[in-house]
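Structure, as structure tokens:
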Amino acid sequence: MADAAPERLVVTDPVEPAAPPVSAWNIANALTVVRLLVVPAFIVFLFLEGTGWRLAALGVFMFASITDQLDGFLARKYGLITDFGKIADPIADKALIGSALVCLSLLGELPWWVTVVIIARELGVTALRFVVIRFGIIPASTGGKIKTVLQIFAVGFFLVPGLLDVVRWATMGTAVLVTVATGVDYVVRAVRLRQVARREQV
């Protein structure tokens with residue numbers, strides 16, 4: 001009787017354990033919370049008279065703006081992206097930019113129509129985020145990031161004492177146009193997300 005053929009050893013790739021969920025308690029989200037906390041100080045400084053206080057308001061505004069760029073960088077580099085961060089980060093941005101626009105309009109330095117257009121867009125997009133959150137979370141687009149940077153520079157230029165009006169308005173006008181355009185883009189993306197989610201449910 002012939003010897004039985006030796007059993008073949010089948011080597012399978014080991015199953016890698018699933019990566020643990022990212023905790024919301026991380027440095028990126030902490031910076032987002034700090035950005036929210038400094039908004040009241042920025043408002044107070046902006047309403048105090050004197051060049052020194054205006055520069056203090058500008059300093060707080062720029063500090064908060066830097067944390068906006070830093071927390072996004074850290075979240076992407078170290079995998080610290082969380083659902084909390086996806087929602088809290090744009091809210092912190094809107095709180096900072098929105099308060100700056102309203103204060104500048106109250107001080108008579110910025111027309112109210114600019115403030116209304118930008119804030120209406122931001123509030124509309126935020127509301128839309130919560131409407132479609134059951135279908136999924138829409139991350140910030142490249143256009144949205146450019147919009148945020150333009151708004152930061154536009155507001156920052158209005159905070160700088162004695163800066164030429166042509167510089168201020170060239171930047172603010174560009175920021176308004178991009179703000180409206182990205183708002184329309186977000187609505188389109190939200191509609192597509194909802195359509196995809198409904199097709200998957202069928």
Side-chain angles (χ1 to χ4, degrees), residues 27-76 85-126 139-186:
I27 183 62
N29 289 343
L31 289 173
T32 298
V33 173
V34 168
R35 188 158 68 258
L36 277 169
L37 294 177
V38 301
V39 170
F42 165 74
I43 295 173
V44 171
F45 292 161
L46 192 55
F47 278 101
L48 294 175
E49 295 183 0
T51 302
W53 288 114
R54 173 55 68 95
L55 292 176
L58 175 62
V60 173
F61 180 82
M62 296 311 299
F63 165 77
S65 301
I66 290 172
T67 65
D68 175 37
Q69 303 303 313
L70 183 59
D71 64 12
F73 168 78
L74 292 174
R76 292 187 297 271
K86 291 179 181 179
I87 296 175
D89 184 70
I91 291 177
D93 295 340
K94 290 169 179 56
L96 178 65
I97 298 295
S99 63
L101 294 171
V102 170
C103 290
L104 288 171
S105 293
L106 288 172
L107 291 169
E109 300 179 26
L110 183 69
W112 275 104
W113 70 265
V114 175
T115 298
V116 170
V117 167
I118 294 179
I119 291 182
R121 182 273 188 196
E122 302 296 353
L123 291 178
V125 168
T126 300
S141 64
T142 301
K145 295 174 183 177
I146 294 174
K147 176 267 303 180
T148 300
V149 173
L150 285 172
Q151 288 180 355
I152 289 172
F153 274 97
V155 171
F157 286 160
F158 269 84
L159 294 174
V160 175
L163 191 65
L164 293 176
D165 286 342
V166 65
V167 176
R168 291 173 171 172
W169 278 108
T171 311
M172 183 62 75
T174 304
V176 170
L177 290 175
V178 175
T179 296
V180 174
T182 54
V184 173
D185 174 69
Y186 193 91

- Message: More than 12 heavy atoms of other residues, nucleotides or ligands under 6.0 Å from CZ of Phe63: yes or no?
- Response: no

- Task: Compare every heavy atom of Gly183 with every heavy atom of Val125, then report the nearest pair and how far apart it is.
- Result: CG2-CA, 4.3 Å

- Query: Any side-chain heavy atom of Thr182 sitting closer than 4.5 Å to one from Arg121?
  - Reply: yes

- Task: Measure the spacing between CG of Leu70 and OG1 of Thr32 and express it to the nearest 0.5 Å.
- Result: 10.0 Å

- Closest heavy-atom pair and its distance - Ile43, Cys103: CG2-SG, 3.9 Å

- Query: Ignoring hydrogens and geometry, is there a side-chain-to-backbone donor-acceptor pair from Arg168 to Phe157 under 3.5 Å?
  - Reply: yes

- Query: Does Lys94 reach the side chain of Leu123, with side-chain heavy atoms less than 4.5 Å apart?
  - Reply: no

- Go through Leu159 and Leu104 one step at a time and tell me if the side-chain contact (heavy atoms from CB on, under 4.5 Å) criterion holds. CA-CA 8 Å; Leu159 294 174; Leu104 288 171; 4.1 Å; yes

- Message: Rounded at 0.5 Å granularity, tell me how far CZ in Arg54 sits from CG in Leu107.
- Response: 6.5 Å

- Only one of Val117, Leu96, Leu110 forms a side-chain contact (heavy atoms from CB on, under 4.5 Å) with Leu101, so which one is it? Leu110

- Query: Does the ring centre of Phe158 sit less than 6.0 Å away from the ring centre of Trp169?
  - Reply: yes

- Gly98 versus Ile119, closest heavy-atom pair with distance: O-CD1, 3.9 Å

- Message: To the closest 0.5 Å, what do you measure between CG (Asp165) and CD (Glu109)?
- Response: 10.0 Å

- Report the distance from atom OG1 of Thr179 to atom CD1 of Ile118, rounding to the nearest 0.5 Å. 5.0 Å

- Task: Please report the C-alpha distance between Phe61 and Leu46 in whole Å, then the side-chain angles of each, then the deciding distance to 0.1 Å, and finally whether the side-chain contact (heavy atoms from CB on, under 4.5 Å) criterion is met.
- Result: CA-CA 10 Å; Phe61 180 82; Leu46 192 55; over 6 Å; no

- Closest non-hydrogen atom pair, Val39 against Ala95: CG1-O, 4.1 Å

- Message: Give me the atom names and distance for the closest heavy-atom approach of Pro111 to Ser105.
- Response: O-OG, 3.7 Å

- Message: Measuring from atom OG1 of Thr67 to atom CE of Met62, what distance do you get when rounded to the nearest 0.5 angstrom?
- Response: 10.5 Å

- Message: A quick test of your reading: do over 12 heavy atoms of other residues, nucleotides or ligands sit less than 6.0 Å from CH2 of Trp112?
- Response: yes

- Item | OG-CD1 distance between Ser65 and Ile97, expressed to the nearest 0.5 angstrom | 6.0 Å

- Message: If you define the side chain from C-beta out and look only at heavy atoms, does anything of Val114 sit under 4.5 Å from Met172?
- Response: yes

- Any idea which heavy atoms bring Leu163 and Val167 closest together, and the distance? CD2-CG1, 4.1 Å

- Message: Could you go through Gln151 and Val178, starting from their C-alpha distance and side-chain angles, then the distance that decides it, and tell me whether this counts as side-chain contact (heavy atoms from CB on, under 4.5 Å)?
- Response: CA-CA 9 Å; Gln151 288 180 355; Val178 175; over 6 Å; no

